[in-house]
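Notes for the one structure printed next.
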Amino acid sequence: MKNCDTVFCVELKNLVKKFTDTVAVDHVNLEVHQGKVFSLLGPSGCGKTTTLRIIAGLETADEGEVLIDGKVVNSIPPYRRNCNLVFQNLALFPHMTVEENIAYGLERRRTPKNEIVKKVGKMLELMHLAGMEKRYPSQISGGQQQRIALARSLVLEPKILLLDEPLASLDRKIRKDLQVELRRIQKEVGITFFYVTHDQKVALAISDTIAVMRAGRLDQVAPPEEIYDTPKTKFIADFMGATNIFSGRAKRMGDGDVVLESESGPKIVALNKKEIPAKKITGISVHPERITVSPGDTKSRAENSYKGKIAEMIYQGDFVETKILLLDSEDNKQIVVHMNPKLSQKTRFSIGRTVLIQWNKENSNILQD
Amino acid sequence: MGLKKFFIKKKANLSALPVVGPLSIWILLFVLMPLAVIFIISFLGRDITGSIIPSFSLDNYRLLFSEGSEYAKAILRSILFAFATNVACLIIGYPMAYWIVKHGGRFKPLLLLLVIVPSWSCYIVRIYALKQLVGYPGILNNFFLKIHLLASPVEILYTAPAVVLGLIYIWLPFMVLPVYASLEGINPALLEASVDLGATPAARFLTVTLPLSKGGIFGGTILTFIPAFGDWLVPLLMGGNKVWMAGNFIAHYFIVIGDLPLGSSMTVFLTAAIVLMIYLCIKLGGEEAIERIL
């Protein structure tokens, strides 16, 4: 085993890729640790797929270096790179059986026949697909095709497996099952995964590290909890579902807190754990599920406590998405709260009712872009 | 199945009638009926004046394949020529289609048009143009004689190779188009996937591109082998009455000799052979072969 801290599985140095009129990848630097799941998350068109294709060797970088296992691979053709790609639309060979699809890469490497049979069998077992050997891709379900695509790449035991939104085309239930499956398989084989997606839920569920990409640049690279709890920019906050975003100027208070004078009116207190200079702070975000709603109209003494009027309630099953109009806001700011359905029933909340909302300063996340 | 469902089904059938109806009548009147007439005549006899005698026998067919029959030889020759044409069209047409798909870019429609447009002009004019090109005196011969690359003129006109050359020239576009369609239909991600899995460009072609263009190849085969097999104008013009194919015999017996029953039996045999060929192509090339020729 190589020392993971010194040699990264994949390293990108100042990567740049330009298309005729746009910069798809703009000076990207990143390191992927051996044996981990690294997700590149971003909206469509942000350059994430291009980055992936450059690592795979299907595109060439205009500037910068791609290192796999510590070696620069810029000029090595894709069929000699020790990495494999699972395509967005899977790209299973329609004229080959499941077995032939999985064996394809091994045959190209001239692996002995008996070894191919052994490895393919092992893959089918790992993917819970035994008995499907002789079927064609068109004869199996979407979820099974997914696993074949995965098996076809994994059987080659690459240094790194690149996945291009392979779950995007599946329906919700299967997607969730496969997420768990993907994580299990990754743990079992121990191969590094480089996962490209626009679905923040998938990224949160399967990743060790998430890099959020916007317009060709990386906004933040951090573990999932950190990306979710403390998104660095408005863009990430919005992308991760922290829909309550306040812009404004911040001031230092005693004991490490800051207070934001938001453009909407309310003053918002936040815990400044990282001691970010007040000058750099541009806003605060709050996740909808971290806000509590209580009946009554007397303002409490707790921090970040505001009066509001319920403007909209949308039942979502596991929560009620409630939009609350802030009463002392200058621009009719609405706050989104995810309420417990049981609670909302018990307290008989309804549209038009005046309520009190509150969240703790630990739940105010500081934004700086 | 309920009565309601039956009626709904009936209604659907009726609504398709205006579309399918005239077409069916057309096929019935102008394709199946003449074939049936030819089929019946092929079993009849004729007297010295050439009029048909209604006496049913297999004599015509026996005559076709009696020893030393020129028709049987012409059938074999037709198979050979059609096969040569087909293989040559594939060897020339496949790389052409491949190149257009891969490097055509925004000129694809234009390049395809260049392939198709000649086949819109008159068949006979094109054959005469080809004769001007390869004959002697002709453009190519004159040119190579002038630059002293040839000592004496190459006279291929009115030989078997000339006939095959003519057939290739006429039928080539019909190989390029179906192959083009099948190559264009290949998902580019499949090619990338094969490279990603370690295939060299040559391996990629043999394991992915070629098998996935099978439908186009067999579709092109239907469209080149079969017309070449039944062709009679090209052998007439390029072969100058010296190299006869099966079609020439049929024309000869119908038009020159006026022996309709014998000519009909030749036609029936040729048609049967062609139907068998189409069946084989579809069987080997799959449904895609039919799709590609439509």
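Labels below follow one simple rule: chain letters A, B, ... track the order of the sequence lines, proteins then strands, and each chain is numbered from 1. These values consider heavy atoms only, across backbone and side chains, with no hydrogens, waters or symmetry-generated copies.
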Provide the closest heavy-atom pair for Asp196(B) versus Ala56(A) in the form atom of the first, atom of the second, distance.
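Closest approach of Asp196(B) to Ala56(A), heavy atoms only: OD1-CB, 4.3 Å.
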Are more than 12 heavy atoms, taken from residues, nucleotides or ligands other than [X], located less than 6.0 Å from that residue's [atom1] atom?
X	atom1	value
Gln139(A)	CD	yes
Phe83(B)	CZ	no
Phe39(B)	CZ	no

Which residue out of Val86(A), Leu156(A), Asn84(A) racks up the most heavy-atom pairs below 4.5 Å with chain B?
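Counting heavy-atom pairs under 4.5 Å, the top option is Asn84(A).
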Side chain / backbone / both / neither for Leu85(A) at chain B, heavy atoms under 4.5 Å
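Both parts, backbone and side chain.
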Please classify the contact between Arg53(A) and chain B as side chain, backbone, both or neither, with a heavy-atom cut-off of under 4.5 Å.
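The answer is the side chain of Arg53(A).
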Just checking heavy atoms, which of residues 88-119 of chain A are less than 4.5 Å from chain B?
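Answer by number: Asn89(A), Ala91(A), Leu92(A), Phe93(A), Pro94(A), His95(A), Met96(A), Tyr104(A), Gly105(A), Arg108(A).
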Just so I know, are the side chains of Tyr79(A) and Pro201(B) near enough to count as touching, which here means a heavy-atom distance under 4.5 Å?
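Yes, close enough: below the 4.5 Å cut-off.
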